[in-house]
Visitor: 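Got a structure for you, written out below as structure tokens; questions coming shortly.
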Amino acid sequence: MTSNGHQSETSPLLGSEEHEDSLSTPKSNPKVRAIVWGSLTVLFVTTVILLVGFEDYFGDAFAPWLGKLPKDPHLAALAILDRAPVIVSFGTGLLYRAIWFLLYTSGRSYWFVLLFFTKCLLPSVSTDLPILVRSSYSNNVSAVDLGSEMPGHVDIPRLRKGKVGGFFWSTYISCPNPDIAGEDFLGATWRVRDTLEQIDVSKLLIAKYPKTFALALTSDDVKVAIAEGKIASLLGVEGGHQLGNSIAVLRQYYELGVRYVTLTHTCHNAFADSCGLNPGIVPLHGGLSTLGTKLIEEMNRLGVLVDLSHTSDATARQAISHSRAPIIWSHSSARAVHDVPRNVPDDILRLIGRGENKTDGVVMVNFAPFFVASPGKASVETVADHIGHIAEVAGKEHVGLGSDFDGIGDVPVGLEDVSKYPALIAELYRRGWDKYELAGLTGGNLLRVMEGAEKVAGELRRAGASPVFDLYEKRPDVGHMRVEL
């Protein structure tokens, strides 16, 4: 009852004395009540003594009840990644969005709380499943059964076993034959057509399994998909050669759902220099071309993540400097741990951060054995070494998981397919990573970067930024045509 005589929210619904008298509720027996409360008190005290005094014996069994992770690394990994139905049961309505708001405003614990309730691996992995469907099934989606074991590293049972909550479907097409493309990249190579087919395959497979996959176009879509118990499915294009020298093609890929573009693959293109393969290739532009800087500006305006895997060091440095939005490496590791051109050197890692003169970003570690260790040495431990090194140099907020499953022919021992992610989480937990840091690694860091790119795109559009209309200056077909009347 409030001071003005009205009932408050804490007032009993039937709380007045006259109500109690009128209901004529029988009185409880004081002796019975004393026995019940006494028994409950003894049970409570006994439980506390057991948990505190014998934690080594009962700790792992009762750890989730106490809000702790088990000491056993494997059990701890499963405690983070195992699915729980709490958020799923709320759907996507007002209550769900209110819960997300509370989680988002809760500070550092946000990402762990997210994982504790959804208990899924968030989307910081990329797979080349579409190219496997192209090479093994001729793009015939009706012949693909993701519900059974696939010939590569990815299928639905193994995704579920690995606690995968989302991933980028890499719509990759290999670099063209240089003799056909020509030194100015003007030869018709069908790369745009083939990329459109890869996007088509990805979206058809997502639609084929609507209870498992959900196409995600924004960071909010990712959260909704995970809350509904689905695997958030994002699209990426792995190489600027797939743009056909055209920024207009980028816009059309965006309309189809593409949310990252790798500036190069193993070949140079009209936009930027690649690092090639071992031992690398001779630079062409010295980093970004003039058109490449315009490509990044349009990616920022649209909200397409700038991906620096496969780029030369000069391209990476210039892109970091030029991009107004956070950047990613979709599948790269640490050069200081294993010295190959595809991995990120420390001087570039030091450019990544959230402080002054730094750019936010995330390096999503590649599992390909030839990128992480000497021949025959790749393992869960060596992959963890790369994660640990990037975390040490750039910070734990700037590392994620890239895998490259179905895009690599060999795999590390202990990370044979997508079902093995808990083994990596257990190894990092064994090395001292706490639940907050692991939650960032498994997806929180990437989602932060996605949100950052979306924020920049929104600011640019509200400021009236125009689409980029710059053309590749070596194209003979545009700007030199006469209109015949």
Side-chain angles (χ1 to χ4, degrees), residues 69-81 121-122 124-129 132 149-155 157-159 161-164 167 170 277-278 309 329-346 349 362-394 396 398-435 437-443 445:
L69 290 177
K71 292 183 178 180
D72 179 87
H74 183 69
L75 293 177
L78 293 178
I80 292 176
L81 299 176
L121 185 70
L122 294 180
S124 56
V125 293
S126 62
T127 75
D128 283 279
L129 177 59
L132 184 145
E149 184 170 342
M150 290 283 288
H153 310 125
V154 182
D155 51 52
R158 285 183 286 180
L159 285 166
K161 185 177 180 180
K163 318 302 178 189
V164 176
F167 61 88
S170 178
L277 293 171
N278 272 340
S309 287
W329 283 262
S330 63
H331 54 304
S332 294
S333 302
R335 194 177 299 175
V337 178
H338 190 59
D339 189 7
V340 294
R342 275 280 281 105
N343 291 340
V344 188
D346 283 2
L349 288 177
V362 59
V363 182
M364 299 159 66
V365 172
N366 195 334
F367 296 176
F370 44 96
F371 293 153
V372 299
S374 301
K377 302 293 185 181
S379 65
V380 172
E381 291 77 17
T382 56
V383 172
D385 290 342
H386 284 266
I387 293 172
H389 183 81
I390 294 169
E392 181 180 352
V393 177
K396 290 181 178 177
H398 304 286
V399 61
L401 304 177
S403 84
D404 209 16
F405 282 132
D406 276 353
I408 52 180
D410 198 7
V411 290
V413 175
L415 288 172
E416 289 80 9
D417 55 52
V418 292
S419 72
K420 305 296 184 180
Y421 287 115
L424 180 57
I425 303 307
E427 175 62 24
L428 292 167
Y429 180 72
R430 189 179 292 112
R431 296 185 183 198
W433 284 57
D434 65 31
K435 56 192 178 184
E437 295 160 348
L438 290 171
L441 172 76
T442 55
N445 297 339

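Note that the numbering runs from 1 along the sequence shown for the chain.
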Visitor: Could you report the tightest heavy-atom contact between L132 and M150, atom names first, then the distance?
Guide: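 Where L132 meets M150 most closely, the heavy atoms are CD2-CE, 3.9 Å.
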Visitor: Please collect all side-chain hydrogen bond (donor to acceptor under 3.5 Å, both in side chains) contacts where either partner lies in residues 370-379, sequence neighbours excluded, each pair once.
Guide: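 Applying side-chain hydrogen bond (donor to acceptor under 3.5 Å, both in side chains) to every pair that reaches into residues 370-379, excluding sequence neighbours, yields S379-E381.
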Visitor: What distance do E437 atom CD and Y429 atom OH have between them, rounded to the nearest 0.5 Å?
Guide: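 It comes to 12.0 Å.
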Visitor: Determine whether I387 and W433 satisfy the following criterion, side chain to side chain contact (heavy atoms under 4.5 Å, CB included), listing intermediate values before the conclusion.
Guide: CA-CA 11 Å; I387 293 172; W433 284 57; 3.7 Å; yes
Visitor: Does any N or O in the side chain of T382 come within less than 3.5 Å of the main-chain N or O of A378, such that one atom is a donor and the other an acceptor?
Guide: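 A pair under 3.5 Å: no.
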Visitor: Can you tell me how far the CE atom of M364 sits from the CG atom of L441, to the nearest 0.5 Å?
Guide: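 One gets 10.0 Å once the value is rounded to the nearest 0.5 Å.
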Visitor: Rounded to the nearest 0.5 Å, what's the gap from CG on L349 to NE2 on H389? Could you check?
Guide: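 These two atoms lie 6.0 Å from each other.
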Visitor: Roughly how far, to the nearest 0.5 Å, is CZ of R342 from CG of D404?
Guide: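 One gets 7.0 Å once the value is rounded to the nearest 0.5 Å.
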Visitor: Are R431 and D385 within salt-bridge range, i.e. N to O under 4.0 Å?
Guide: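 Salt bridge present between R431 and D385.
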Visitor: Under the criterion side chain to side chain contact (heavy atoms under 4.5 Å, CB included), I'd like the reasoning laid out for V154 against L159: C-alpha separation, chi angles, the key distance, then a yes or no.
Guide: CA-CA 7 Å; V154 182; L159 285 166; 4.0 Å; yes
Visitor: Under the 3.5 angstrom rule, does the side chain of E416 hit a backbone N or O of G414 as a donor-acceptor pair?
Guide: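 Pair found, side chain donor or acceptor close to backbone of G414.
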Visitor: Indicate yes or no for a side-chain donor-acceptor contact from N366 to the backbone of G402 under 3.5 Å, with no hydrogens or angles considered.
Guide: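 No; zero donor-acceptor contacts below 3.5 Å.
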Visitor: Can a donor-acceptor pair be found, under 3.5 Å and without considering hydrogens, that links the side chain of S309 to the backbone of S330?
Guide: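 Yes: the side chain of S309 pairs with the backbone of S330.
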Visitor: Okay, side chain of H386, backbone of V337: is any donor-acceptor separation there less than 3.5 Å?
Guide: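 Not confirmed, H386 side chain does not pair with V337 backbone.
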Visitor: Which pair of non-hydrogen atoms, one from I408 and one from S403, has the smallest distance, and what is that distance?
Guide: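 Closest heavy-atom pair between I408 and S403: CD1-O, 4.0 Å.
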Visitor: How far does OH of Y421 sit from CZ of F405, to the nearest 0.5 angstrom?
Guide: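 Taking OH in Y421 and CZ in F405, the distance rounds to 5.0 Å.
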Visitor: For the pair N343 (side chain) and F371 (backbone), establish whether a donor and an acceptor sit closer than 3.5 Å, ignoring hydrogens and angles.
Guide: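 At least one qualifying donor-acceptor pair exists.
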Visitor: To the nearest 0.5 angstrom, please state how far the CG atom of D346 sits from the CZ atom of R335.
Guide: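 Going from the CG atom of D346 to the CZ atom of R335 covers 9.5 Å.
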Visitor: For V362 versus G400, what's the shortest heavy-atom pair and its separation?
Guide: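 So the minimum-distance heavy-atom pair works out to CG2-N, 3.6 Å.
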